[in-house]
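Just so you know, these numbers come straight off a predicted model, no measurement behind them. Any value given below was found using the heavy atoms of this structure, including those in side chains, with hydrogens, waters and symmetry copies removed. Here is the naming used below: chain letters follow the sequence lines, and residue numbers restart at 1 for every chain.
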2 protein chains.
Amino acid sequence: MSYKRSFLMEERLADNRQRILKAARALVAEGGFNHASIAAVASSAGLSAGAIYRYFPSKSALFVEVLTSAIDHEIAILQQIVKGEGDVTARLRACVESFANRALEGPYLAYAFIAEPAEQEVDEARLLGRIRFGEVFKSLLIEGVEKREFPAQSIDIGAACIVGAFTEALIRPIAPRAKRDGRAELVEGIVAFCLRAVGAKIS
Amino acid sequence: MSYKRSFLMEERLADNRQRILKAARALVAEGGFNHASIAAVASSAGLSAGAIYRYFPSKSALFVEVLTSAIDHEIAILQQIVKGEGDVTARLRACVESFANRALEGPYLAYAFIAEPAEQEVDEARLLGRIRFGEVFKSLLIEGVEKREFPAQSIDIGAACIVGAFTEALIRPIAPRAKRDGRAELVEGIVAFCLRAVGAKIS
DNA sequence: GCAAGAAGTGAATGGCGATTCACAAAAAAA
DNA sequence: TTTTTTTGTGAATCGCCATTCACTTCTTGC
């Protein structure tokens, strides 16, 4: 009577889904969103264009998921640092450093995720991601102010500013066909800026 | 023999061009780039779609000019402040305040110019604009460091960070359908962040 | 093995809006 | 006024891809 998917079938479907996501991510990393048409994703995942629609309702939905899961991953890394040991200043430094270094590692991907023009939906997901990054810094700021490591200040605004600051400072070296030199100095410069901005003592 | 445009004709053509630019700007201010199709711009300027192409080679070119001239205007305002009197700290404060207030004044326009997804070319113009804003702050930073108002620091990075910081802090309240309250606090928060970041004494 | 249902195919469709173009109206030269 | 050149019109084209769909191939239940 009713059709029931075997375990193996389930596996294969799940695997396909993952392959689609992976292919999409890889194509974005390679040449940005433009480079990643449904046809390209499909063939790169070893499926037909039509098949994609068995797994995702639309192109936007697919890329929103690609973006969101990448962001989840980054956030998890940052939260790990936030929850770690050391004073707040050190952890803030570590967060900014980590984010910046990872972005410079895969510049095209980071560019796409931070700044490349994309559809409405993707863009909304991006905004949401930025807000989530903001929350991470917000928690650090709250702790820092509480522990008197930082002076009293507007937490929400400060968090947004931090995200904006390192993001912007990264965009230029990250953008397609930009020169990328002095990475260490760049990262250190960004960190120093952020630490001064929150009023951390020296460092 | 050769056709020569009369003075009146020249005038009319120049006027048409201006009207097109103005219509485009108005439509963007009203509903973002999406809202501003060639057809819409044309009818709003009192011309036919085809006529636009006698004045601009492409839609992108038109919007690049709209964007660029808006940026020119903003930059001029900031440079006025930079060249003004008062210590560097005060002028930096005035620049950030001015930009933020003007952005909050015409939120949709600012959003489109700062963050709305658009064609490649427009996006490139936007990046260029950001760099130019950076230069303004760069000159302030250089002066501030020279005059010992600010400690030694990475000028280029700092300038980029400032632009990113206020930009990001503005995007959320500026974005379509965002709530916009506490404007004065927002601006003051951003200013405070930036001043601490460059190491300005109190304020 | 065989019917019924599910997954996969890829060429055709569809929508959208920029761009073009054959033609019309207006302006300058003759 | 007639001719030539420029400017303006707006419907038709065109390009681009996401999305669909009639059909094939594979899975499952019997």
Side-chain angles (χ1 to χ4, degrees), chain A residues 1-21 23-24 27-28 31-67 116-123, chain B residues 1-21 23-24 27-28 31-67 116-123:
Chain A
M1 257 285 112
S2 71
Y3 178 95
K4 180 96 191 310
R5 285 204 286 249
S6 71
F7 179 66
L8 233 71
M9 194 64 200
E10 292 265 7
E11 289 261 290
R12 201 157 64 71
L13 292 184
D15 180 60
N16 280 352
R17 193 166 198 287
Q18 280 314 114
R19 270 218 317 296
I20 293 170
L21 286 167
L27 283 167
V28 170
F33 285 118
N34 308 305
H35 202 235
S37 63
I38 287 287
V41 171
S43 94
S44 166
L47 286 168
S48 67
I52 302 286
Y53 289 84
R54 293 215 170 253
Y55 297 88
F56 300 90
S58 69
K59 190 190 181 188
S60 300
L62 165 57
F63 283 100
V64 166
E65 187 161 336
V66 167
L67 179 60
E116 195 188 2
E119 298 105 86
Q120 185 77 26
E121 280 93 0
V122 174
D123 223 55
Chain B
M1 257 285 111
S2 70
Y3 179 94
K4 180 97 192 309
R5 287 203 286 248
S6 72
F7 179 67
L8 233 71
M9 195 62 200
E10 293 264 11
E11 290 261 289
R12 201 158 63 73
L13 292 185
D15 180 61
N16 279 352
R17 192 166 199 285
Q18 280 314 114
R19 270 219 318 295
I20 293 169
L21 285 167
L27 283 167
V28 170
F33 285 118
N34 309 305
H35 201 235
S37 64
I38 287 288
V41 171
S43 94
S44 167
L47 286 167
S48 67
I52 302 286
Y53 288 85
R54 293 211 170 258
Y55 297 87
F56 299 91
S58 69
K59 190 192 181 187
S60 300
L62 165 57
F63 283 100
V64 165
E65 187 161 336
V66 168
L67 179 59
E116 194 188 2
E119 298 105 87
Q120 184 77 27
E121 280 92 0
V122 175
D123 222 56

Scan nucleotides 10-21 of chain C nucleotide by nucleotide, 5' to 3', and note B when protein non-hydrogen atoms come under 4.0 Å of the base, S if they reach only the sugar-phosphate, - if neither.
B-------SBB-
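If you take CD of A/Glu119 and P of D/dC16, they are 17 Å apart, rounded to a whole angstrom. Regarding A/Glu11, its CD atom lies at a distance of 15 Å from the P atom of C/dA7, rounded to whole Å. Atom-to-atom, CG of B/Leu13 to P of D/dT6 comes out at 12 Å; the value is rounded to the nearest Å. What separates CG of A/Leu27 from P of D/dC17 is a distance of 14 Å, to the nearest Å. Atom pair A/Ile52:CD1 and D/dT20:P shows a separation of 14 Å (rounding to whole Å applied). Remark: C1' of C/dG8 and CG of A/Asp15 are 15 Å apart, rounded to the nearest angstrom.
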Give me, pair by pair, the N or O atoms of the protein and of nucleotides 25-28 of chain C that are less than 3.5 Å apart, along with how far apart they are.
unit_1: C/dA28; atom_1: OP1; unit_2: B/Ser6; atom_2: N; d: 3.0
unit_1: C/dA28; atom_1: OP1; unit_2: B/Ser6; atom_2: OG; d: 2.3
unit_1: C/dA28; atom_1: O3'; unit_2: B/Lys4; atom_2: N; d: 3.4
unit_1: C/dA28; atom_1: O3'; unit_2: B/Lys4; atom_2: O; d: 3.3

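Residues that satisfy the ring pair (Phe, Tyr, Trp, His ring centres under 6.0 Å) test with B/Phe56, not counting sequence neighbours, are absent from this structure. Partners of A/Glu10 under the side-chain hydrogen bond (donor to acceptor under 3.5 Å, both in side chains) rule, at least two apart in sequence or in another chain, do not exist in this structure. Residues passing the side-chain hydrogen bond (donor to acceptor under 3.5 Å, both in side chains) test with B/Glu121, sequence neighbours excluded: B/Ser60. With sequence neighbours left out, the side-chain hydrogen bond (donor to acceptor under 3.5 Å, both in side chains) criterion links B/Gln120 to B/Glu124. For B/Ala14, the side-chain contact (heavy atoms from CB on, under 4.5 Å) test picks out no residue, with sequence neighbours left out.
Pairs of residues two or more places apart, or lying in two chains, never qualify as salt bridge (Lys or Arg N to Asp or Glu O under 4.0 Å) while including a residue from residues 41-57 of chain A.
When the side-chain nitrogen and oxygen atoms of B/Asn16 are compared with OP1 and OP2 of D/dT7, none of them lie within a distance under 4.0 Å.
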Please test B/Arg12 against B/Asn16 for side chain to side chain contact (heavy atoms under 4.5 Å, CB included), starting from the C-alpha separation and ending with a verdict.
CA-CA 6 Å; B/Arg12 201 158 63 73; B/Asn16 279 352; 4.1 Å; yes
Between B/Leu21 and B/Leu62, does a side chain to side chain contact (heavy atoms under 4.5 Å, CB included) hold up when you go through it step by step?
CA-CA 7 Å; B/Leu21 285 167; B/Leu62 165 57; 3.8 Å; yes
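Among the heavy atoms of the strands, none lies under 4.0 Å from A/Phe56.
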Using distance only, find each side-chain donor-acceptor pair of residues 35-53 of chain B under 3.5 Å and give its atom names and separation, not counting sequence neighbours.
unit_1: B/Ser37; atom_1: OG; unit_2: B/Ala40; atom_2: N; d: 3.2
unit_1: B/Ser48; atom_1: OG; unit_2: B/Ala51; atom_2: N; d: 3.4

